[in-house]
S.K.: 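Pasting a structure below so you can have a look.
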Amino acid sequence: AAFFGTGLVATLEDFGMQGESPSHPELLDWLAVNFMDSGWSLKQLHRLIVTSATYRQTATRTKDDTTSNLPSDRLLSRFPRSRLEAEIIRDATLMAAGVLSLKPGGPPVRPVQPDGVTESAFGRPKWHANSGEDRFRRSLYTYQKRTAPFAMYGTFDAPSGESCVARRDVSNTALQALTLLNDPMFLEAAQALGRLTAQQKGDDAKRVRFAFRRVVTRPPGDHELARLTEFLAKQRDRAARQELDAASLAGQQPNSQIAPELLEVAVWTSLARALLGLDEALTRN
């Protein structure tokens with residue numbers, strides 16, 4: 001279920017008499033025996049699944065694929081597209097931006113989030129975001145308060161922690177798109193990716209390829225490259241005509257004087273914001 005969205009038994013929360021029977025009972029038996037023979041190695045089981053031909057299929061539907069039109073493609077004739085979980089979206093975004101901290105262990109941390117989120121809880125506690133490396137630690141270490149969950153996680157359907165859930169619901173809302181564009185955490189990630197891209201040598205096309213591949217792990221097609229290069233040129237023109245608050249995008253005080261090199265950072269930050277909000281950046285294909 002973690003790898004394909006739906007497990008061999010669809011009712012993760014109920015394996016009893018009222019749960020669904022396995023869709024592939026022989027495969028379930030084979031995996032169970034293989035798991036035992038491997039010395040109960042979860043690592044080897046994960047490797048077996050992700051290196052299988054089924055997992056490595058494309059999610060694209062073909063004209064000859066009739067089973068993919070069914071409401072539930074349990075035969076896995078193609079890879080079932082599924083949105084990443086909230087914590088993985090954050091980690092993947094920080095990794096693409098080059099700022100994710102992989103430091104293991106230690107106390108929980110408080111990443112940046114919009115003001116006032118925790119003030120709805122009892123006692124109106126303040127959320128004092130960490131600075132430095134702790135600001136970008138993996139989502140595993142995010143401080144959780146059940147009465148005021150981390151805003152971004154709740155927006156992307158993570159549970160509050162008040163009860164254990166076997167399966168998360170998946171929604172598709174406008175608030176998620178606004179979060180990817182305007183949440184201070186994602187804006188900082190876009191600024192980091194913008195700075196990283198602006199530092200690369202080469203022309204605009206080469207830099208666009210660099211940023212695109214960091215976000216979606218594949219090179220852009222010719223049409224995608226043309227569209228993104230056109231978007232970049234428009235943002236550069238808007239910044240030159242001061243239609244764009246380049247200072248804020250570059251991490252400076254709003255509407256302040258900005259050096260030419262920071263103007264380029266602002267332009268590439270605009271592109272990074274667009275890339276980090278792509279459906280492909282949030283979805284397993």
S.K.: If we only count heavy atoms from C-beta on, is the Leu249 to Gln191 side-chain gap below 4.5 Å?
M.R.: no
S.K.: Can you give me the closest heavy-atom contact between Ser41 and Ser38, atom names plus distance?
M.R.: N-OG, 3.4 Å
S.K.: For the residue pair Gln44 and Arg47, confirm or rule out a side-chain donor-acceptor distance under 3.5 Å.
M.R.: no
S.K.: Same cluster or not: Ile88 versus Val170, using hydrophobic residues (I, L, V, M, F, W, Y) connected whenever any side-chain heavy atoms lie under 4.5 Å apart?
M.R.: no
S.K.: Between Leu84 and Arg284, which heavy-atom pair has the shortest distance, and what is it?
M.R.: CD2-CG, 3.7 Å
S.K.: Is Arg56 reaching over with its side chain to a backbone N or O of Ser52, donor-acceptor style, under 3.5 angstrom?
M.R.: yes
S.K.: Walk me through whether Ser160 and Gln144 qualify under side-chain contact (heavy atoms from CB on, under 4.5 Å).
M.R.: CA-CA 8 Å; Ser160 65; Gln144 289 282 33; over 6 Å; no
S.K.: Do NZ/NE/NH1/NH2 and the carboxylate oxygens of Arg168 and Glu13 come within less than 4.0 Å?
M.R.: no
S.K.: Please determine whether a side-chain nitrogen of the Lys or Arg among Asp203 and Arg207 lies less than 4.0 Å from a carboxylate oxygen of the Asp or Glu.
M.R.: no
S.K.: Atom CD of residue position Gln18 - does it have more than 12 heavy atoms of other residues, nucleotides or ligands inside 6.0 Å?
M.R.: no
S.K.: Would you mind reporting whether Pro108 and Thr142 have side-chain heavy atoms less than 4.5 Å apart?
M.R.: no
S.K.: Could you check if a side-chain atom of Glu87 sits within less than 4.5 angstrom of a side-chain atom of Leu140, using non-hydrogen atoms only?
M.R.: no
S.K.: Should Asp115 and Lys126 count as side-chain neighbours, where that means a heavy-atom distance under 4.5 Å?
M.R.: no
S.K.: Atom OG of Ser21 and atom CG of Leu8: how far apart are they, to the nearest 0.5 Å?
M.R.: 12.5 Å
S.K.: Any donor and acceptor pair, going by atom type alone, linking the side chain of Tyr141 with main-chain N or O of Gly106 inside 3.5 Å?
M.R.: no
S.K.: Give me the atom names and distance for the closest heavy-atom approach of Ala189 to Thr93.
M.R.: CB-CG2, 3.7 Å
S.K.: From Ile49 CD1 over to Leu31 CG, what is the distance, rounded to the nearest 0.5 angstrom?
M.R.: 6.0 Å
S.K.: State, yes or no, whether a side-chain contact exists between Arg83 and Phe156 at a heavy-atom distance under 4.5 Å.
M.R.: yes
S.K.: Identify the two heavy atoms, one from Ala205 and one from Leu225, that lie closest to each other, and give their separation to 0.1 Å.
M.R.: O-CD1, 3.8 Å
S.K.: Measure from the side-chain N and O atoms of Gln113 to the backbone N and O of Ala129, and report whether any donor-acceptor pair falls under 3.5 Å.
M.R.: no
S.K.: Using a strict cut-off of less than 4.0 Å between a Lys/Arg side-chain nitrogen and an Asp/Glu carboxylate oxygen, indicate whether Glu133 and Arg137 qualify as a salt bridge.
M.R.: no
S.K.: Atom OG1 of Thr179 and atom CZ of Arg90: how far apart are they, to the nearest 0.5 Å?
M.R.: 14.0 Å
S.K.: Would Leu276 end up clustered with Leu271 when hydrophobic side chains under 4.5 Å apart are linked, directly or stepwise?
M.R.: yes
S.K.: Strictly below 4.0 Å, N to O, side chains only: are Asp279 and Arg81 in salt-bridge contact?
M.R.: yes
S.K.: Got a sec, which pairs hit ring pair (Phe, Tyr, Trp, His ring centres under 6.0 Å) with one end in residues 26-58, sequence neighbours left out?
M.R.: Phe3-His46, Phe3-Tyr55, Phe4-Tyr55, Phe35-Trp40, Tyr55-Phe79
S.K.: Leu187 and Arg273: side-chain contact (heavy atoms from CB on, under 4.5 Å), yes or no, with the steps?
M.R.: CA-CA 7 Å; Leu187 182 56; Arg273 291 177 79 194; 4.1 Å; yes
S.K.: Can you measure from OG (Ser82) to CD (Glu85) and round to the nearest 0.5 angstrom?
M.R.: 9.0 Å
S.K.: Calculate, to the nearest 0.5 Å, the distance between atoms OG and CD belonging to Ser77 and Gln57 respectively.
M.R.: 7.0 Å
S.K.: Apply side-chain contact (heavy atoms from CB on, under 4.5 Å) to the pair Leu228 and Leu232, showing each step before the final yes or no.
M.R.: CA-CA 6 Å; Leu228 290 171; Leu232 182 71; over 6 Å; no
S.K.: Below 4.5 Å, heavy atoms only, C-beta onward: do Leu100 and Leu102 meet side chain to side chain?
M.R.: yes
S.K.: Applying ring pair (Phe, Tyr, Trp, His ring centres under 6.0 Å), can you list everything that pairs with Tyr153, at least two apart in sequence or on another chain?
M.R.: Phe150
S.K.: In the structure I gave you, are the side-chain heavy atoms of Phe186 and Met152 within less than 4.5 Å of one another anywhere?
M.R.: yes
S.K.: Testing the basics here: between Ala246 and Leu263, what is the closest heavy-atom pair and its distance to 0.1 Å?
M.R.: CB-CD1, 3.6 Å
S.K.: Please determine if Asp134 and Arg110 form a salt bridge, counting it only when a charged side-chain N lies under 4.0 Å from a carboxylate O.
M.R.: no
S.K.: Side-chain heavy atoms under 4.5 angstrom apart, residues restricted to Ile, Leu, Val, Met, Phe, Trp, Tyr: same cluster for Leu278 and Phe231?
M.R.: yes
S.K.: Should we count CD of Glu26 as having more than 12 external heavy atoms under 6.0 Å?
M.R.: no
S.K.: Is it true that Leu282 and Phe212 fall in one hydrophobic cluster, defined by side-chain heavy atoms closer than 4.5 Å?
M.R.: no
S.K.: Give the minimum heavy-atom separation between Val112 and Asp183, together with the two atoms involved.
M.R.: O-OD1, 4.4 Å
S.K.: Is Val109 close to Arg135 at the side-chain level, that is, under 4.5 Å between some pair of heavy atoms?
M.R.: no
S.K.: Taking atom CZ of Phe136 and atom CG of Asn130, what is their separation to the nearest 0.5 Å?
M.R.: 10.5 Å
S.K.: Grouping I, L, V, M, F, W and Y whenever their side-chain heavy atoms are under 4.5 Å apart, do Val216 and Met95 come out in a common cluster?
M.R.: no
S.K.: Decide if atom CZ of Arg138 counts as having more than 12 heavy atoms of other residues, nucleotides or ligands within a radius under 6.0 Å.
M.R.: no
S.K.: Given Glu280, which of Val215, Leu275, Asn285 fulfils the side chain to side chain contact (heavy atoms under 4.5 Å, CB included) condition?
M.R.: Asn285
S.K.: Donor-acceptor check, side chain of Thr11 to backbone of Gly19, threshold 3.5 angstrom: yes or no?
M.R.: no
S.K.: Count the heavy atoms belonging to other residues, nucleotides or ligands that lie under 6.0 Å from NZ of Lys103, then report whether that count exceeds 12.
M.R.: yes
S.K.: Using modelled atom types only, decide if a donor and an acceptor are shared between the side chain of Thr217 and the backbone of Arg213 within a distance under 3.5 Å.
M.R.: no
S.K.: Can we say Glu224 and Arg218 salt-bridge, meaning some charged N sits less than 4.0 Å from an Asp/Glu carboxylate O?
M.R.: yes
S.K.: Hey, is Arg236 close enough to Glu264 for a salt bridge, meaning N to O under 4.0 Å?
M.R.: yes
S.K.: For a side chain to side chain donor-acceptor pair (under 3.5 Å) check, start with the C-alpha distance between Asp204 and Thr229, then their side-chain angles and the critical distance, and finish with the verdict.
M.R.: CA-CA 7 Å; Asp204 284 350; Thr229 305; over 6 Å; no
